[in-house]
Amino acid sequence: MASKLTGTVALVTGASSGIGAATTRRLAEDGAALVLVARRKDRLEDLAAEIENAGGTALAVEADITDRLQAQAAVQQAVERFGRLDTLVNNAGLMLLGPVLGADAEDWDRMIAVNVQGLLHTTHAALPHLLQAAEQGPRQVADIVNISSIAGRVAWNGYGVYNLTKFGVNGFTESLRQEVTKRHVRVGVLEPGGVATELGSHNKAEVRDAMIDPFYESTEVLAPEDIADGVAYMVTRPRHASVGGGLGIGRPPRR
């Protein structure tokens with residue numbers, strides 16, 4: 001018996017670890033062919049082999065999506081391999097925290113490049129193929145799921161530039177949703193709270209001690225698989241079902 005996503009193709013950015021890896025496994029279970037995009041080639045190849053050994057189909061594409069041409073090439077490889085693209089999950093993200101005064105501006109550039117520019121590059125490259133899938137594909141619908149954060153709705157001291165990127169992701173998602181929804185491309189944002197991933201590991205030790213660890217101690221910490229379940233729900237829900245453009249997962253931290 002065919003699974004919900006049999007015959008479809010999904011591209012996931014930031015697929016080499018955390019939420020991205022969990023999402024690829026989850027969508028593969030639902031029958032989608034997976035295109036795994038990230039910079040860490042060894043991890044991508046291991047995950048692709050895992051999916052293939054479990055009876056699924058996966059293509060590992062090493063790419064830095066902050067480079068527009070590499071993002072375009074990743075999408076092109078997906079279409080050349082599978083002939084279509086039905087789902088885009090913009091998962092790649094970077095969280096570098098700290099005050100505006102005294103912060104490292106290079107960290108801001110890196111975070112904006114991944115969280116905002118990378119998302120724009122992959123979306124722009126994938127959208128024509130998603131529109132085509134919505135018109136001609138087996139499900140008559142295509143999906144974009146942007147992984148944002150509760151930081152896209154709630155601001156905290158020291159999260160300023162990270163908040164900036166995630167508020168931006170949320171605003172872009174809603175704008176794009178209005179632009180393409182009548183063409184049956186569903187655009188949604190998923191906003192996790194605390195999730196046990198590598199996301200905060202790039203911060204300095206003092207930032208982790210003062211800001212990240214207290215955050216996790218004050219909230220419900222989820223597993224990447226919990227977020228993957230949310231992505232799967234957004235992608236496999238019936239064509240007529242709406243989640244209002246966004247889905248929150250987890251609780252905000254206690255004040």
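Keep in mind it's a predicted model, so treat the numbers as computed, not measured.
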**OP:** Could you tell me whether a side-chain N or O of Asn170 sits under 3.5 Å from a main-chain N or O of Gly152, the two making a donor and an acceptor?
**Re:** yes
**OP:** Answer yes or no: is there a side-chain heavy-atom contact under 4.5 Å between Met95 and Ser149?
**Re:** no
Original post:
Are Val154 and Tyr159 close enough that some pair of their side-chain heavy atoms sits under 4.5 Å apart?
Top reply: no
**OP:** Evaluate the criterion side chain to side chain donor-acceptor pair (under 3.5 Å) for residue pair Thr165 and Asn115; output intermediate values, then yes/no.
**Re:** CA-CA 6 Å; Thr165 66; Asn115 297 355; 3.2 Å; yes
Original post:
What distance do Ile144 atom CD1 and Arg177 atom CZ have between them, rounded to the nearest 0.5 Å?
Top reply: 12.5 Å
**OP:** Mind running side-chain contact (heavy atoms from CB on, under 4.5 Å) on Trp108 and Leu164 for me, showing each step along the way?
**Re:** CA-CA 10 Å; Trp108 301 347; Leu164 170 68; over 6 Å; no
Subject >> Summary of side chain to side chain donor-acceptor pair (under 3.5 Å) pairs that have at least one residue in residues 24-34, sequence neighbours excluded >> reply: Arg25-Glu50, Arg26-Asp30, Arg26-Asp229
**OP:** Would you give the length of the straight line joining atom CG of Leu5 to atom CG of Leu27, rounded to the nearest 0.5 angstrom?
**Re:** 6.5 Å
**OP:** State, to 0.1 Å, how close Ala142 and Ala133 come at their nearest heavy-atom pair, and which atoms those are.
**Re:** CB-CB, 4.4 Å
Original post:
Just wondering, do Gln77 and Arg81 contact through their side chains at under 4.5 Å, heavy atoms?
Top reply: no
Original post:
Which heavy-atom pair separates Val37 from Ala63 by the least distance, and what is that distance?
Top reply: CG1-CB, 4.0 Å
Subject >> Shortest non-hydrogen separation from Ala28 to Ile51 and the atoms involved >> reply: CB-CG2, 3.9 Å
Original post:
Would a distance-only check, ignoring hydrogens and angles, find a side-chain to backbone donor-acceptor pair under 3.5 Å from Glu52 to Ala58?
Top reply: yes
**OP:** Compare all side-chain heavy atoms of Ser16 with those of Leu47 and state whether any distance is below 4.5 angstrom.
**Re:** no
**OP:** Measure the shortest side-chain to side-chain distance between His121 and Ile65 over non-hydrogen atoms and say whether it is less than 4.5 angstrom.
**Re:** no
Original post:
Nearest 0.5 Å, what's the CD-CD distance between Glu62 and Glu45?
Top reply: 8.0 Å
**OP:** Write down the atom of Gln140, the atom of Gln136, and the distance for their closest heavy-atom approach.
**Re:** NE2-C, 3.7 Å
Original post:
So do Leu127 and Leu176 actually touch side chain to side chain, heavy atoms under 4.5 Å?
Top reply: yes
Original post:
Do side-chain atoms of Arg186 reach the backbone of Val235 as a donor and acceptor pair under 3.5 angstrom?
Top reply: yes
**OP:** Inspect the surroundings of CZ in Arg183 and state if more than 12 heavy atoms from other residues, nucleotides or ligands are less than 6.0 Å away.
**Re:** no
Subject >> Validation row: Glu191, Val169 side chains within 4.5 angstrom (heavy atoms) >> reply: no
Original post:
How many angstroms lie between atom CG of Asp143 and atom CG of Leu88, to the nearest 0.5 angstrom?
Top reply: 10.0 Å
Original post:
Is Glu106 atom CD crowded by more than 12 heavy atoms from other residues, nucleotides or ligands, each under 6.0 Å away?
Top reply: no
Subject >> Main-chain N/O of Leu119 paired with Thr123 side-chain donor or acceptor, under 3.5 Å >> reply: yes
Subject >> Polar side-chain atom of Asn91 near backbone of Val12 as donor-acceptor pair, under 3.5 Å >> reply: no
Original post:
When rounded to the nearest 0.5 angstrom, what is the spacing between CD in Gln72 and CG in Asp67?
Top reply: 9.0 Å
**OP:** Could you state whether Phe167 and Val100 fall into the same hydrophobic cluster, counting links through intermediate Ile, Leu, Val, Met, Phe, Trp or Tyr residues with side-chain heavy atoms under 4.5 angstrom apart?
**Re:** no
Original post:
Are the side chain of Arg110 and the backbone N or O of Asp107 linked by a donor-acceptor pair below 3.5 Å?
Top reply: no
Subject >> Candidate pair Asn146 and Ser148, rule side chain to side chain donor-acceptor pair (under 3.5 Å), full reasoning >> reply: CA-CA 6 Å; Asn146 294 330; Ser148 182; over 6 Å; no
Subject >> Side-chain touch Val185/Leu131, heavy atoms, less than 4.5 angstrom >> reply: yes
Original post:
Of the non-hydrogen atoms in Leu85 and Val9, which two are nearest, and what is the gap between them?
Top reply: CD1-O, 3.7 Å
**OP:** Would you give the length of the straight line joining atom CG of Asp86 to atom CG of Leu11, rounded to the nearest 0.5 angstrom?
**Re:** 11.5 Å
Original post:
Is the shortest side-chain N to carboxylate O distance from Asp46 to Arg43 below 4.0 Å?
Top reply: no
**OP:** Could you tell me which non-hydrogen atom of Ile147 sits nearest to which non-hydrogen atom of Ile19, and how far apart they are?
**Re:** CG2-CD1, 4.5 Å
